[in-house]
Amino acid sequence: MTDETKTGKDGTGVAKQRTETVIRPESMILDKAIVASFTTLLLEPDPGAAAGPGTCIPLVGWLERRDAGLDLRGIGVIANGADDLAGLEAHLMDVPVIALQFPVFSDGRAYSHTYRLRKTWRYPGPIIAFGDVLRDQLLYMSRVGINGFYMRADQKLEESLAAFRLYSAYYQYNDVAR
Amino acid sequence: MEFFGYLLAMYRYSPMDLQFVNERVAEFRDQVRRRNAGELSEDEFRPLRLMNGLYMQRHAYMLRVAIPYGFLNSTQMRKLGAIAEKYDRGFGHFTTRQNLQYNWLKLEEVPDLLQELADVEMNGIQTSGNCVRNITSDPYAGVARDELLDCRPYCEILRQYVALHPEFMYLPRKFKIAFSGATEDRAATEFHDIGIKAVHGPSGELGFQVLVGGGLGRTPRIGQVVREFLPLEDLVSYTEAILRVYNLHGRRDNKFKARIKILVGALGIDEFRRQVEAEWAPIAGEKLDEERVSAVVRQFNDVVFDVTAATDQRFRERALTDTSFRRWIERNVKPHRVPGYNVVLVSLKRPKIAPGDVFTHEFDALADLMDRYNQGYCTALYNQNVCLQYVRNADLEAVYDALATLGMATGNMGTIQDLICCPGLDFCSLANASSIPIAKQLIERFADLDEAYEYGTVDIKMSGCINACGHHHVGDIGILGIDKHGAEFYQIAIGGSPGTGPGDPASLAEIIGPAVALDAVIDTVERIMDHYVEVRRGAESFRDAVRRVGVADFKQYLAGVTA
Ligand code: SF4
């Protein structure tokens, strides 16, 4: 009996792309608590002078700046599912924060990116999920190692915290404990 | 080899399992509440309910209940009947993948139903959705004579590993894993996203051969070997590497091209293997330790055998005089690895009843039989029958008599009557055509057992649409419902096989002519059988005859008779 399952809302897998190019909600969830958000996501491929401490810019641009020897202090990386994060491995200690995009909640690639970042490459900094970030996926995101959440605008942050209390134990023995 | 005296029976929940399933029910109950309160859109709710086995069908909600490795105990059997009565319309349906489905549910009642299932150690977790589905194995695991390894403890380790695995709940598409631990592959491992077979390694030690990229559906593919020999202890980490490669690189732009078989096809098996090995390298040190394996083994109940069972041979006397009983012994009773014990197939292929359907009172009656004669267990088979797998010689007659009163003792197992079909147009919202009514017609048309025996072993498989839940690609005769200008038509193919071993390689059925209308299906099947009887040599089976003369020969014959 196959299947009502869908990959994306319009069947293409890339439903409802956000049109905003600057994302910074007032509040976010960080380490299972509600706090003021601390970084601005600049989604334009080349954000120019807007890039500075307290912002994140797309991976490709970040690596270009790196190669050009530009100052990247305080600037984080934005990546999406299709990005190859291997190019970032050598520079991870210089990345203050990584923001992973969920274009639609059913696109699970960012989970595997997070696994590699945390477990294979031992990235210690904050990883933020943004985009179609909903209460019912928070627990999976958190268990794989995402610890910051810019939730979709209609989500209630306080109620969403309940997601972290759903289960008292898990089967997987390689959880990244964060 | 294992020892007589005790074999693994059924996995029992650990305290952790029980708590986990209860918490899963609570989570879903809250999701249903939020859905009904309008806080979750249908698009957001759909994957959540699917991962709990809940579909929206043509008329109502359908729940798919997992039967791990096919094993049921009598308490569960009675509960399944009680649920059918309380929440459905008095019946349940055994599927083609060792699950049970209820077809007439109300959303708001499903959390209570799930709680009742949890109370008897059952659930619908990951029986649908784009995640790793319930893992299947040889239905005769633990009792088969040709078994190298009872894979179920390993299935269970893997099941636990993928249960709500945070990384793999939103894969590009569904993901099915099957295990076979015997020389005859009864689990169709060649047609799964991952197929795992127990094999002996270079120095005689047991391990697994790993296949990847098999599957049915609209793009049927036979699995390819990604690893010839994997030590038992590497099962979990290697599977994880495959899943990670698939999760990152499987297509997400087109759901019809999202299964792993498409990725494997696009990369080629060698490149796919290279990526898996690269992904595996950093985690290859994560071995399954023996303590973990034995902890799972301890959760399986033991079955105890009576070493004198073989001395009782009285059933043979009745077989001399009672034809129906003799036929039942010949067709429906299979050899057991313990002398004096038998595997009894319970036929759910009955006139006027959809294959696999069981009614409330029958669940109870079967549960009683399980308690009295089968140490409290039974197994659901992928061909929509169940079996009692620990029946002593001394009990064969009593079991036969009891099954006969339920209409479940017809000696039709493996015959043309023993067909399987998906729910089709009667329930499924994706169907193009009916399959249950055709199945009923076929069972009725070939009701004469003398005629059925004349045809020997014939495997008819039917699907109501291209998604192939009835596995039509791998039937001796595969029947596929299609929509032709709004009318139900059927494409008929022959020569398929799930691949049971070296003498019977996997093959896909080939179409034998233009699609036929609903009322011509039975005739066409009859003609196919006519031609088989004409061409066969001696006791040659249908499958072997088709392989020898070729599908084209049948095609030609059919074109001739219809011209
Ligand atoms: S094969 Fe098609 S019609 Fe049959 S159950 Fe599957 S999806 Fe439904």
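Computation of the quantities below employed the complete heavy-atom set of this structure, encompassing side-chain atoms and omitting hydrogens, waters and symmetry-equivalent molecules. Residue numbers begin at 1 in each chain, while the letters A, B, ... track the order of the sequences.
Ion pairing between a basic and an acidic side chain is recognised when a charged N comes within 4.0 Å of a carboxylate O; A:R135 and B:E39 show no such pairing. Here A:R165 does not pair with B:E23 in a salt bridge; the nearest charged N to carboxylate O distance is not below 4.0 Å.
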Exercise. Quick one: do A:Q137 and B:Y170 satisfy side chain to side chain donor-acceptor pair (under 3.5 Å)? Show the steps, please.
Key: CA-CA 10 Å; A:Q137 288 77 43; B:Y170 291 95; 2.9 Å; yes
Practice problem: Start with the C-alpha gap between B:E44 and A:R152, add the side-chain angles, then the distance that decides, and say whether side-chain contact (heavy atoms from CB on, under 4.5 Å) holds. | Solution: CA-CA 13 Å; B:E44 289 160 9; A:R152 199 175 72 188; 2.5 Å; yes
Self-check item: Audit row: B:V162, A:Q172, side-chain contact (heavy atoms from CB on, under 4.5 Å) steps and yes/no
Solution: CA-CA 8 Å; B:V162 298; A:Q172 294 73 27; 6.0 Å; no
Practice problem: Check step by step if side chain to side chain donor-acceptor pair (under 3.5 Å) holds for B:Q160 and A:Y170. | Solution: CA-CA 9 Å; B:Q160 295 183 6; A:Y170 310 107; over 6 Å; no
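Contact of the A:F105 side chain with the B:P47 side chain is registered, since non-hydrogen atoms from C-beta on lie closer than 4.5 Å. Looking only at side-chain heavy atoms (C-beta outward), B:E27 and A:L139 stay at 4.5 Å or farther from each other. Side-chain contact between A:S112 and B:F168 is present, with at least one heavy-atom pair separated by less than 4.5 Å. Annotation: side chain of A:Y115 is in contact with side chain of B:I283 (closest heavy-atom distance under 4.5 Å).
Heavy-atom pairs under 4.5 Å with chain B peak, among A:T120, A:D136, A:D154, at A:D136. Your options are B:A163, B:A26, B:P282, and the one with the most heavy-atom pairs under 4.5 Å with chain A is B:A163.
Relative to the six-membered ring of A:Y171, B:R159 meets both conditions, a distance below 6.0 Å and an angle of at most 45° to the axis.
Just one of B:M169, B:H165, B:E167 meets the side-chain contact (heavy atoms from CB on, under 4.5 Å) condition when paired with A:Y111; it is B:E167.
At least one donor-acceptor pair closer than 3.5 Å links the side chain of A:R143 to the backbone N or O of B:L164.
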For residues 82-90 of chain A, tabulate all N or O donor-acceptor pairs below 3.5 Å that involve a side-chain atom, not counting sequence neighbours.
| residue | atom | partner | partner atom | Å |
| --- | --- | --- | --- | --- |
| A:D83 | OD2 | A:N80 | N | 2.8 |
| A:D84 | OD1 | A:A86 | N | 3.0 |
| A:E89 | OE1 | A:W121 | NE1 | 3.2 |

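Closest non-hydrogen pair, B:M16 versus A:A169, comes out as SD-CB, 3.6 Å. Of all the heavy atoms in A:H113 and B:L248, the pair that sits closest is CE1-CD2, 3.5 Å.
For a residue to count as touching a neighbouring chain, one of its non-hydrogen atoms must lie under 4.5 Å from one of that chain's; by this rule A:L166 touches chain B with backbone and side chain alike.
Heavy atoms of other residues, nucleotides or ligands lying less than 6.0 angstrom from CD of B:E291 number more than 12.
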